[in-house]
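Worksheet for the structure shown next.
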Amino acid sequence: MTYAQVYKSWQDDPEGFWMQAAEAIDWVTKPSRALNADRAPLYEWFTDASINTCWNAVDRHVAADRGKQPAIIHDSPVTGTKHVITYAELQDRVARLAGALKAKGIQKGDRVIIYMPMVPEALEAMLACARLGAIHSVVFGGFAANELAVRIDDCTPKAIIAASCGIEPARVVHYKPLLDAAIDLASHKPDFCVIFQREQEVAKLTPGRDVAWHEFQYGVTPADCTPVEGNHPAYILYTSGTTGAPKGVVRPTAGHLVALNWTMRAIYNVGAGDVFWAASDVGWVVGHSYICYAPLIAGCTTIVYEGKPVGTPDAAAFWRVINEHKVKSFFTAPTALRAIKREDPEGKLVPHLPTLNALYLAGERADPDTIHWAQNHLKVPVVDHWWQTETGYAIAANPLGIERLPVKIGSPTVAMPGFDVQVLDEGGHPVSPGTLGAIAIKLPLPPGTLPTLWNAEERFKKSYLNHFPGYYETGDAGYIDADGYLYIMARTDDVINVAGHRLSTGAMEEVLAGHRDVAECAVIGVADDLKGQSPLGFLCLNKGSNRPHDDIVKECVKLMREKIGPVADFKRAVVVDRLPKTRSGKILRGTMVNIADSKPWKMPATIDDPAILDEITAALQSIGLARG
Ligand code: COA
Ligand code: AMP
């Protein structure tokens, strides 16, 4: 079937389409129906089924006699180690860990936070939770204690599983002190913490609260898979919203299994026995879906890479991993390729890559230069695909496993079955092809996408459903051309994308506002050749503040690192007298971005005092921006 036929088959019978996809999954009790619209506009899929994620990702492959196949390859240039875990070993390890968690009281529905670097034990912890029906929430290692504390208070975990440390090329990330500080800061306290001690740094355990990963598993009875309802939350993953409070995206169990499994063949064109690699981090949605769950559900070998695109040791690291482990499909963020391209512009370090079939890019807009570089040097199709933490898999892609569609550079190609993507004007009316507007998806969203936010149904409705009734609002703006190709151009909210990481300028402003000298502030994302965008702060100081501006800026940079973490990558701020605002008091962030990026801009008709923009321009020029 062609892509058009597959898409039409979904349009003609959406429920039949997903019921058929569900056949590829092992059920304890099959669903009697696909969609549950009883609480529309809140939707669920496969509600009355009974199922277990870990069974589908691990045990069933052992039962199918593929126990000896590698499930996980840990390739860690930062520690100089490599390690293969077969499906049979993974089953043992996960069942034992789940048994130990169960013995300490973890049951179906309990939340467990996982705070770990790129080690196989992170995946094992996720799978052990899934085995018990416990709901995990993985927190990225680049977040500071405060961010971890916010998540602890929101999802109130019974346990936290953490590693003693993570390893960045230039430093050891001390997870344990961060964990201790977060627990001190949080109002909610977990019953216990499991600490995976790494040899690079052995952490001091807190008596009565902490148990060591190996010791607490000693002599336990391995746990079987606990069946859960189809709509049971598999995990919560926090993502940036417009305010400092992150949004807890809920992932429903059955839809997640069905949809991810479908994507592996249709989009990534891989199946059991193939090696699949997503060079991301388990702390992000790409890591959840395509380092952990999807490759394992499909019976592939997944690679857990603990290294960087450059510097571990060089810009050929990705190509070494691909050739050494015979990777068939490879997924990364454009920023990683830009880092490689910067060090190897002519592709001299790229060898022949005989096993590689395609490269997939997501997380941010893939710029044409990067796509051309990859096409020229990797000599495989380069697929830009668009998705979000909320959806968990691609909304738009070039589905190589169905049909290789012609590429239009700058477009993540076409909507995938399940997604009726439309571009709307402010009044919520679809616009004509080629016209820019807000990108929205007609409800219901397909299986596996977020049914709600954790403990925040009203916020879910307000953030995604209320603006355009009958649609899910993606927060992205763009257009669809006459051939149905999508173009994602910008965010419609205050979310910025730094090195493929989604960050909230609102959250950063809350941190800056906490500095004793700062009266008012704004954070914008300015264009960055490597990272796509880079945050920049504007600080208006309290009357009477006469401390050196350099000191205040340095303190703000430090504060951001302490409060949000190194991942915010906040390194620049300027002091200004006033911020440009509309007459109703809204800060004109968009205009400031255009000035900073030396793009053409118009004086906003609603501006309160146009002279402020001259001051802003001068401040930006003082740090090398706004040169146009
Ligand atoms: N734990 C702790 N700290 C982390 C971290 C982690 N897991 N990941 C990143 N950091 C730190 C970095 O060490 C850096 O700290 P520094 O300010 O002390 O140098 C900071 O966070 C910013 O990191 P990053 O944005 O990754 O910048 P970088 O300069 O270290 O590396 C790239 C640049 C392009 C190589 C890197 O951003 C990269 O590989 N990006 C790919 C991103 C990706 O895969 N995103 C997933 C979406 S699909
Ligand atoms: P995250 O939830 O962290 O995955 O970030 C999702 C956001 O990243 C989207 O809403 C887009 O703004 C951006 N994004 C992801 N993939 C793409 C892509 N292929 N092209 C353009 N923007 C993208």
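Counting starts at 1 for both ligands and their atoms, in listed order.
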- Item | Any N or O of R561 closer than 3.5 Å to N or O of ligand 1 | yes
- Should the proximity of W284 to ligand 2, defined as any heavy atom under 4.0 Å, be assigned to the side chain, the backbone, both, or neither? neither
- Task: Nearest heavy atom to atom 15 (O) of ligand 1 wins, so pick from R171, M118, E168.
- Result: R171
- Using non-hydrogen atoms of the residue, decide whether G363 is closer than 4.0 angstrom to ligand 2. yes
- Task: Report, in ascending order of atom number, the atoms of ligand 1 lying under 4.0 Å from any heavy atom of A279.
- Result: 44 (O)
- Task: Look at atom 18 (C) of ligand 2 and say which protein heavy atom is nearest, naming residue and atom and giving the distance to 0.1 Å.
- Result: E364 O, 3.3 Å
- How close does the nearest protein non-hydrogen atom get to atom 22 (C) of ligand 1, and which residue and atom is it? P566 O, 3.7 Å
- Message: Quick check on contacts: which atoms of ligand 1 are under 4.0 angstrom from a heavy atom of K531?
- Response: 24 (P), 25 (O), 27 (O), 28 (P), 29 (O)
- Any atoms of ligand 1 less than 4.0 Å from a non-hydrogen atom of K571? List them with their elements. 17 (O)
- So which heavy atom in the protein is nearest atom 41 (C) of ligand 1, and how far is it from that ligand atom? T335 CG2, 3.6 Å
- Based purely on interatomic distance, does D569 place a nitrogen or oxygen under 3.5 Å from a nitrogen or oxygen of ligand 1? no
- Message: Could you tell me, atom by atom, which parts of ligand 1 come under 4.0 Å of a heavy atom of D281?
- Response: 7 (N)
- Given that the side chain starts at C-beta and the backbone is N, CA, C, O, which of these parts of E364 lies under 4.0 Å from ligand 1, counting heavy atoms, or is it both or neither? neither
- Item | Per-atom contacts of ligand 1 with G500, taking only distances under 4.0 Å to non-hydrogen atoms | 47 (C)
- Query: Between Y175 and ligand 1, is there a nitrogen or oxygen pair with a distance under 3.5 Å?
  - Reply: no
- Task: Would you check whether T389 has a nitrogen or oxygen atom less than 3.5 angstrom from a nitrogen or oxygen atom of ligand 2?
- Result: yes
- Which ligand 1 atoms are under 4.0 Å away from a heavy-atom of V567? 21 (O)
- Message: Are L123 and I72 packed together at the side-chain level, in the sense that at least one heavy-atom pair is separated by less than 4.5 angstrom?
- Response: yes
- Could you tell me the residue and atom name of the protein heavy atom closest to atom 9 (C) of ligand 2, and the distance to it rounded to 0.1 Å? D476 OD2, 3.2 Å
- Query: With a 4.0 Å heavy-atom cut-off (strictly under), which part of R338 contacts ligand 1: side chain, backbone, both or neither?
  - Reply: neither
- Query: Which bit of V495 is near ligand 2, meaning a heavy atom under 4.0 Å away: side chain, backbone, both or neither?
  - Reply: neither
- For ligand 2, note which part of H501 has a heavy atom under 4.0 Å away: side chain, backbone, both or neither. neither
- Message: List ligand 2 atoms under 4.0 Å from I488, heavy atoms only on the residue side.
- Response: 21 (C), 22 (N)
- Note on the structure: Checking heavy atoms under 4.0 Å, the part of F140 that sits near ligand 1 is side chain
- Item | For P309, the ligand 1 atoms whose distance to one of its heavy atoms is below 4.0 Å | 35 (C), 39 (O)
- Message: Donor-acceptor check, side chain of R251 to backbone of E390, threshold 3.5 angstrom: yes or no?
- Response: yes
